[in-house]
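Right, one structure below, let's go through it.
Chain letters run A, B, ... following the sequence lines, proteins first and then strands; every chain starts at 1.
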Amino acid sequence: MKNTLDWIYSDLNEEQQKAVCEVDGPVLILAGAGSGKTRVLTYRIAHILASGKAEPYQILAMTFTNKAAAEMRERVQKLVPEMISGMWIGTFHSLFARLLRYEGEKLGYDSNFSIYDVDDQLTLVKMILEELALPVQNITPKTINQRISAAKNDMILPAEFAENINNPVEEITAKVYTRYEKKLLELNAMDFDDLLIKPIILFEQFPDVKMHYQDKFHYILVDEYQDTNRAQYNVLRLLAGKRRNICVVGDDDQSIYRWRGADVRNILEFELDYPKCHKFRLEQNYRSTKNILAVAHSVIQNNIKRHSKKLWTERPEGDSVTLMNVVDEREEARYIVNQIGGEFRKAERRFYDFAVLYRTNAQSRVIEDALRLDGIPYIIVGGVKFYERKEVKDVLAYLKVLVNPADVISLKRIINFPLRGIGESTVVKLEKFAEDKRISLYKALEIVETIPEIPAKASAGITSFYKLLNKYRSLRSELPPAEIATSLLEETGILKLYKDDNSVESQTRAENIRELIVALVEFSNNAGPEARLEEFLQQVSLITDIDTWDDRKNAVTLMTLHAAKGLEFPVVFITGLEEGLFPLSRSIDDPLALEEERRLFYVGATRAKDKLYLTWAKNRRKYTENPAQVKSRFIKELDLRFIESVASRAAKTPPVTQTRIKYGANDMPDYENQSQEDQEFQIGMRVKHQVFGKGTILKIERGYGTIKLMILFDREGEKRLVYPYAKLEIL
DNA sequence: TCCCACTTTCTTTTT
DNA sequence: GAAAGTGGGA
């Protein structure tokens, strides 16, 4: 083993060394952006292990993404290779899911419980709303779901929630919430929030279990502590209760998840909870140039609720930060692409050096189009997620039911997919029967023939469905997960269903299902012969956007500002700096929300190592409107000494007023290289669409500013499109 | 029971 | 401009 002190002295600055070596008792590390906090955390773990203070299985290290956890594990392994196995390094959600697999039985859960994502939660809420037949008026299931989730994150259980009702929405939410919790238990399922709350309930109800884990974990380390919520805060307090060896790392300026229940007070008031804690400040930034730091600081200092601090760096001044004003989102995209292309051609950069950040996922589309047009490779983080695609969720639902037959949400999802003649009314009868007889829906499937109301045809379909499920349920112990899935797909004909349909959509779906199988095979390979389907399902449920991001691929990265936290890039673009977009309109009237937007800007700016671009547009299309924009207040807060301000030629012309913008081709701004003649469509004309290819116009309907077109595509068949939304080229 | 065509909503960020 | 939801007809 390497001498402990050696690597600590050679790789760390003085303050970092202190933070690493102060091992016992509560420790608060305030780590500014780019100050090497991951390094400190990993060295700390390595130091604890190497000095013999604890065994690996006595260490608990929590992060917010699997990617961060994997990175931490890898880096610890490099420092102390032989001591890694058994450590509890992972996300809050995955570690507690693991704990609940062991202990959930005490709370009435089976160890094979399903984990519900937002989609499943919504389905359940809708189910309950129908069941309770509540007067919902204009309250959407989504609103109710958000209320429930917020309550859970604040650790308010149904009983307490019901006691504090102030309006009709809360009244309905309270009823749904009570039923929702009951249902989850019945379905043997937990939602994301449960993974944080249930351990607390468990510890409170079973002090011996609490003591077991308090004894087990000698050292607890928490990353991104500024983003913990009430539930996370409490569970940490319980776990650290005995030994008090808890080390939290965070930066109040980078707290950006308030809307999800995160509470900055957790980090601001850590010293109140642990009065004798050791406190360290990491303020030397190793990432950004002086100019970038100065700009970031000029904005964040406008926040009132923050620890005053200022990062410093030994890096050079560097380039000025570029502030670019463009006419609209299309020009913004073109500007970004041109800058990337220019720097790339000068051979100073590779594509993976660039990140384009935006406030909302919807902004990615235009930028993608522009990148594609220039043939620049890009990766997009987030957006439509792989595991949320319909076809993937369908297959996963099958697997979930195999593991957990009580999971009615998944069961109902697949009961008539692929079609087997089991319609809505049959399902209702089944459920009623199950309820009357007080048996599970799954059990009702088994004895469907004894239900007189269900016609023979539907009954036969149900029986074969049941036999199919049961067969694969028993195969689980004999075959590896990947083989079960492959065989199941074969027998149900799901893959064939998509393969036989020649539309692009179906082919993509078939492709996605194959990709899912690949993921399963990979999982089996990694986990060895012990690979269990339930573990795969859990892993999949708790995957984060950023986890799937391949940072070695030579491509420009597109993502939201939220997703960028913790990352760094030589060149960063922050786009859409307009009032109402960034900061978002809903935040403008709420001082706390506004400060969070400002922190988000700070997070974005401090991702940049060498060059930062800020862009804003005079007009930005939203739905069908194209309203004029006002520059973001964050732009006004920039310290101009570090800024080079430019505007495109088109943007320098007087602002376009709202009335002029009724999206006719004539009204588009003048770009040098773009032909802007009005599109004269005629029936029988040949046109080309970016995605659907070539086709012939069948029908034209002219609307106000829009033209509806029916087009027969050579490959895709008939489609209805609306110009100018659909990008059509006349051939 | 299922399919097609039409309408409505979506756009805040995510474990 | 897509996806999800709705409703009528076969």
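With sequence neighbours excluded, the residues that form a side-chain contact (heavy atoms from CB on, under 4.5 Å) with K631(A) are W616(A), I635(A), K636(A). With sequence neighbours excluded, no residue forms a ring-ring contact (aromatic ring centres under 6.0 Å, His included) with Y602(A). In terms of the ring-ring contact (aromatic ring centres under 6.0 Å, His included) criterion, residue partners of F523(A) (sequence neighbours excluded) are, by chain and number, F536(A).
Rounded to whole Å, the distance from CG on L594(A) to P on dT12(B) is 16 Å. dT11(B) atom C1' lies 14 Å from atom CD of E329(A), rounded to whole Å. To the nearest angstrom, C1' of dC3(B) lies 13 Å from CG of N416(A). Taking atom CG on D119(A) and atom C1' on dA3(C), their separation rounds to 12 Å, with Å as the unit. Per the geometry, CZ belonging to F582(A) stands 16 Å off C1' belonging to dT11(B), to the nearest Å. If you take CZ of R509(A) and C1' of dA2(C), they are 12 Å apart, rounded to a whole angstrom. One atom, CZ of F417(A), and another, P of dT1(B), lie 18 Å apart when rounded to the nearest Å. Rounded to an integer number of Å, the gap from E424(A) CD to dG5(C) P is 13 Å.
With ring centers used as reference points, H93(A) lies 6.0 Å or more from F64(A).
In terms of phosphate contacts, K142(A) brings no side-chain nitrogen or oxygen within less than 4.0 Å of OP1 or OP2 of dT12(B).
A donor atom on one side chain and an acceptor atom on the other are not found under 3.5 Å apart for R98(A) and Q538(A). Judged purely by distance below 3.5 Å, without hydrogens or angles, the side chains of Q226(A) and D251(A) never pair a donor atom with an acceptor atom. Side chains of N619(A) and D328(A): no donor on one and acceptor on the other come within 3.5 Å. Side-chain contact of E578(A) with S632(A): a donor-acceptor pair under 3.5 Å is absent, judged by distance alone.
Ring pair W259(A)/Y257(A) is tilted by interplanar angle, where 30° to 60° counts as tilted.
Relative to the ring axis of F417(A), K390(A) places its NZ or CZ within 45° and under 6.0 Å from the centre.
Distance from the side chain of T426(A) is smallest for dT1(B) among the nucleotides dC3(B), dT1(B), dT11(B).
Residue contacts shown for K457(A) are absent, as no nucleic acid heavy atom lies under 4.0 Å away. S541(A) comes within 4.0 angstrom of nothing in the nucleic acid, heavy atoms only. When heavy atoms are screened at a 4.0 angstrom cut-off, L419(A) is found touching the sugar-phosphate backbone but no base atom. Using a 4.0 Å heavy-atom criterion, one finds that K126(A) contacts the sugar-phosphate atoms exclusively. Using a 4.0 Å heavy-atom distance criterion, D117(A) is classed as making no nucleic acid contact.
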N/O-N/O pairs, protein side and nucleotides 8-10 of chain C side, under 3.5 Å:
none

Please write out each protein N/O paired with an N/O of nucleotides 13-15 of chain B under 3.5 Å, distance rounded to 0.1 Å.
unit_1: dT13(B); atom_1: OP1; unit_2: N361(A); atom_2: N; d: 2.9
unit_1: dT13(B); atom_1: OP1; unit_2: N361(A); atom_2: ND2; d: 3.0
unit_1: dT13(B); atom_1: O2; unit_2: W259(A); atom_2: NE1; d: 3.2
unit_1: dT13(B); atom_1: O2; unit_2: R359(A); atom_2: NH2; d: 2.5
unit_1: dT13(B); atom_1: O2; unit_2: H562(A); atom_2: NE2; d: 3.4
unit_1: dT14(B); atom_1: OP1; unit_2: T560(A); atom_2: OG1; d: 3.2
unit_1: dT14(B); atom_1: O4'; unit_2: R260(A); atom_2: NH1; d: 3.4
unit_1: dT15(B); atom_1: OP1; unit_2: D545(A); atom_2: N; d: 3.3
unit_1: dT15(B); atom_1: O3'; unit_2: H93(A); atom_2: ND1; d: 2.9
unit_1: dT15(B); atom_1: O2; unit_2: H93(A); atom_2: NE2; d: 3.3

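Exactly one residue among T575(A), T360(A), L357(A), L600(A) makes a side-chain contact (heavy atoms from CB on, under 4.5 Å) with F582(A). That residue is L600(A).
dT13(B) sits 16 Å from dA4(C) when the P atoms are compared, rounded to a whole Å.
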How does DNA chain B look in dot-bracket notation if pairs are Watson-Crick or G-U with both distances under 3.5 Å, crossing ones as [ ], other-strand ones as |? ||||||||||.....

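Of all heavy-atom pairs between A605(A) and I574(A), the closest is N-CD1, 3.4 Å.
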